[in-house]
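When reading the values below, keep in mind they use all heavy atoms of this one structure, side chains included, and skip hydrogens, waters and symmetry mates. Numbering of residues begins at 1 and proceeds along the displayed sequence.
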Amino acid sequence: MRPARAADGRPVLRLASGLEIRRGNLLAGLGLVLAVLALGLISLGVGATRTGPAELIGTLLGTGSGDGAFAILEVRLPRIALGFLAGWCVALVGAALQSLARNPLADPGLLGLSQGSMAAIVLMLVFLPAAPLGLIPLAAIGGGLAVAGLLIALVGGARAGGMAILLMGIAVETVLSSLTAILILYAPPETSYALSDWLAGSLFQASWGAIAALGPWVALSLPAIAILGRPLRVLDLGDEMAMSLGDPVLRSRPAILLAAVVLTSAAVTAVGPLSFLGVMAPHLAGALTRSTGRARLVLSGLMGGLLVVAADTLSRGVGGGIALPIGLSLTMIGVPLFILTLRLRLLAAMRTD
């Protein structure tokens, strides 16, 4: 690894394989990792059960016991880990879909992928309540794939432009949201209450088992980033330019959509929908440093995980002993940051003009 300059003059670190990493992207990534670790340590001490620094350190070293150790190891740490993994998936998918649709507002919810997974899960829980819980992830993936296939069929195949997919996704999302609401309305009361909590975005069911179930899908996102990073980078330039640069658009576009469905379904199964996260996280990451392709996916994923951990910390800190739905606290934190970022960008653009 040695310092160099890219074709546009920006400083980069060039690996022996020829891969270039922009210094700004590397510094932003390291900063986000440190922020996640620092916030995670703070979050371990937040909750209804009081835990001092000494008890926190002792628990992490394996010498803790009692209610404090249980709260840290069995409640707070699983919530932090599961929240970060789910936030990583949703934000990464949001960044990928924005490049795919060439629209800064594209995210899993807007395209109907989240709603497809949710509708499939709700259908199974309402009409097949005795079905094994292990079928829930498969139902979520099946619902997401059905929506993706429906989108491709409705817009005329893989050659369709991103805007057409986005507009059709909004229509499908509206229909599925209405269907889910009707199912919850006429479901048995206990099922309806449980589904309502989950549909608000929830870490109430966070456990080491849930982390083990989501972990393999997150691990699969790493090779997906490596493989799909370049196609996403050139798709930002438009389909025609991507094809002229040698990208097989007819194969890369369905592959990106498939990866988005799988990661979205995994996150929805674990914590429910994380509304607006897929839109916010890529833009907030972009405010730190300019990035494209693989770097944009990684930075967006880290930012998404950081936002969910921050939202969980807020929900446990101000909930008066009752954790707020993660979707609500995520909106409380993310939306003001998102508005501030857009406002600063607008002011900067006005000054340059």
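For residues 206-227, no pair satisfies ring pair (Phe, Tyr, Trp, His ring centres under 6.0 Å), with sequence neighbours left out. Residue pairs meeting the side-chain hydrogen bond (donor to acceptor under 3.5 Å, both in side chains) criterion with at least one member in residues 324-333, sequence neighbours excluded, do not occur.
Here Leu113 contributes atom CG and Leu257 contributes atom CG; the two are 6.0 Å apart, rounded to the nearest 0.5 Å. Separating the OG atom in Ser99 from the CG atom in Leu228 is a distance of 11.0 Å, to the nearest 0.5 Å. Note that the OG atom of Ser114 and the CG atom of Asp107 stand 6.5 Å from one another [nearest 0.5 Å]. Interatomic distance, Ser300 OG to Leu297 CG, rounded to the nearest 0.5 Å: 6.5 Å. Interatomic distance, CD1 of Ile80 versus CG of Leu39, reported as 7.5 Å (0.5 Å rounding). Summarising the geometry, atom OG belonging to Ser202 is positioned 11.5 Å from atom CG belonging to Leu195; distances are rounded to the nearest 0.5 Å.
Linking ILVMFWY side-chain heavy atoms closer than 4.5 Å, directly or via other members, places Leu154 and Leu97 in a single hydrophobic cluster. Following chains of ILVMFWY side-chain contacts shorter than 4.5 Å, one cannot reach Leu176 starting from Leu185, and the two form parts of different hydrophobic clusters. Residues Ile42 and Leu37 fall into different hydrophobic clusters, defined by Ile, Leu, Val, Met, Phe, Trp and Tyr side chains chained together at heavy-atom separations under 4.5 Å. Follow the hydrophobic side-chain contacts under 4.5 Å out from Leu306 and you reach Ile339 in the same cluster.
Put simply, the side chain of Thr289 does not reach to within 4.5 Å of the side chain of Leu27, judged on heavy atoms. A 4.5 Å side-chain heavy-atom check between Pro132 and Leu135 finds at least one atom pair inside the cut-off. No side-chain heavy atom of Leu110 sits under 4.5 Å from any side-chain heavy atom of Glu173. Counting only heavy atoms from C-beta outward, the side chains of Arg102 and Leu235 never approach each other to under 4.5 Å. For the pair Val271 and Leu214, the minimum side-chain heavy-atom distance is 4.5 Å or more. Looking at Val75 and Phe70, their side chains come closer than 4.5 Å, going by heavy atoms from C-beta outward. Residues Ile211 and Pro78 are in side-chain contact: their nearest non-hydrogen atoms beyond the backbone lie under 4.5 Å apart. At least one side-chain heavy atom of Leu32 sits less than 4.5 Å from a side-chain heavy atom of Leu288.
Looking at Arg79, Arg316, Arg76 one by one, the single match for side-chain hydrogen bond (donor to acceptor under 3.5 Å, both in side chains) with Ser43 turns out to be Arg316. Just one of Val261, Leu263, Val262 meets the side chain to side chain contact (heavy atoms under 4.5 Å, CB included) condition when paired with Ser265; it is Val261.
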Exercise. May I have the step-by-step check of side chain to side chain contact (heavy atoms under 4.5 Å, CB included) for Met280 and Thr341, ending in yes or no?
Key: CA-CA 10 Å; Met280 291 189 298; Thr341 299; over 6 Å; no
**OP:** Go through the steps to decide whether Val172 and Val175 satisfy the test side chain to side chain contact (heavy atoms under 4.5 Å, CB included), and finish with yes or no.
**Re:** CA-CA 5 Å; Val172 173; Val175 173; 5.8 Å; no
Discussion item. Go through it in stages, so that I can follow the logic: the residues are Leu183 and Leu179, the test is side chain to side chain contact (heavy atoms under 4.5 Å, CB included), and I'd like the CA-CA distance, side-chain angles, deciding distance and then a yes or no.
Written reply: CA-CA 6 Å; Leu183 290 173; Leu179 173 63; 4.2 Å; yes
CA sep, side-chain torsions, deciding dist, call: Met118, Trp198, side chain to side chain contact (heavy atoms under 4.5 Å, CB included): CA-CA 10 Å; Met118 288 188 295; Trp198 172 70; 3.8 Å; yes
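Side-chain N or O atoms of Ser192 include one that pairs as donor or acceptor with a backbone N or O of Ile184 at under 3.5 Å. At distances below 3.5 Å, not a single donor-acceptor pair connects side-chain atoms of Gln115 with backbone N or O atoms of Gly144. Looking at Arg296, its side chain does come within 3.5 Å of a backbone N or O of Ala95 through a donor-acceptor pair. Between the side chain of His283 and the backbone N or O of Leu105, no donor-acceptor pair lies under 3.5 Å. Between the side chain of Trp88 and the main chain of Val298, no donor-acceptor pair closer than 3.5 Å is present.
The minimum heavy-atom distance linking Val279 with Pro104 is given by the pair CG1-O, 4.0 Å. Between Gly278 and Pro108, the shortest heavy-atom contact is CA-CD, 4.4 Å. Listed here is the closest heavy atom pair of Gly116 and Val147: CA-CG2, 3.5 Å.
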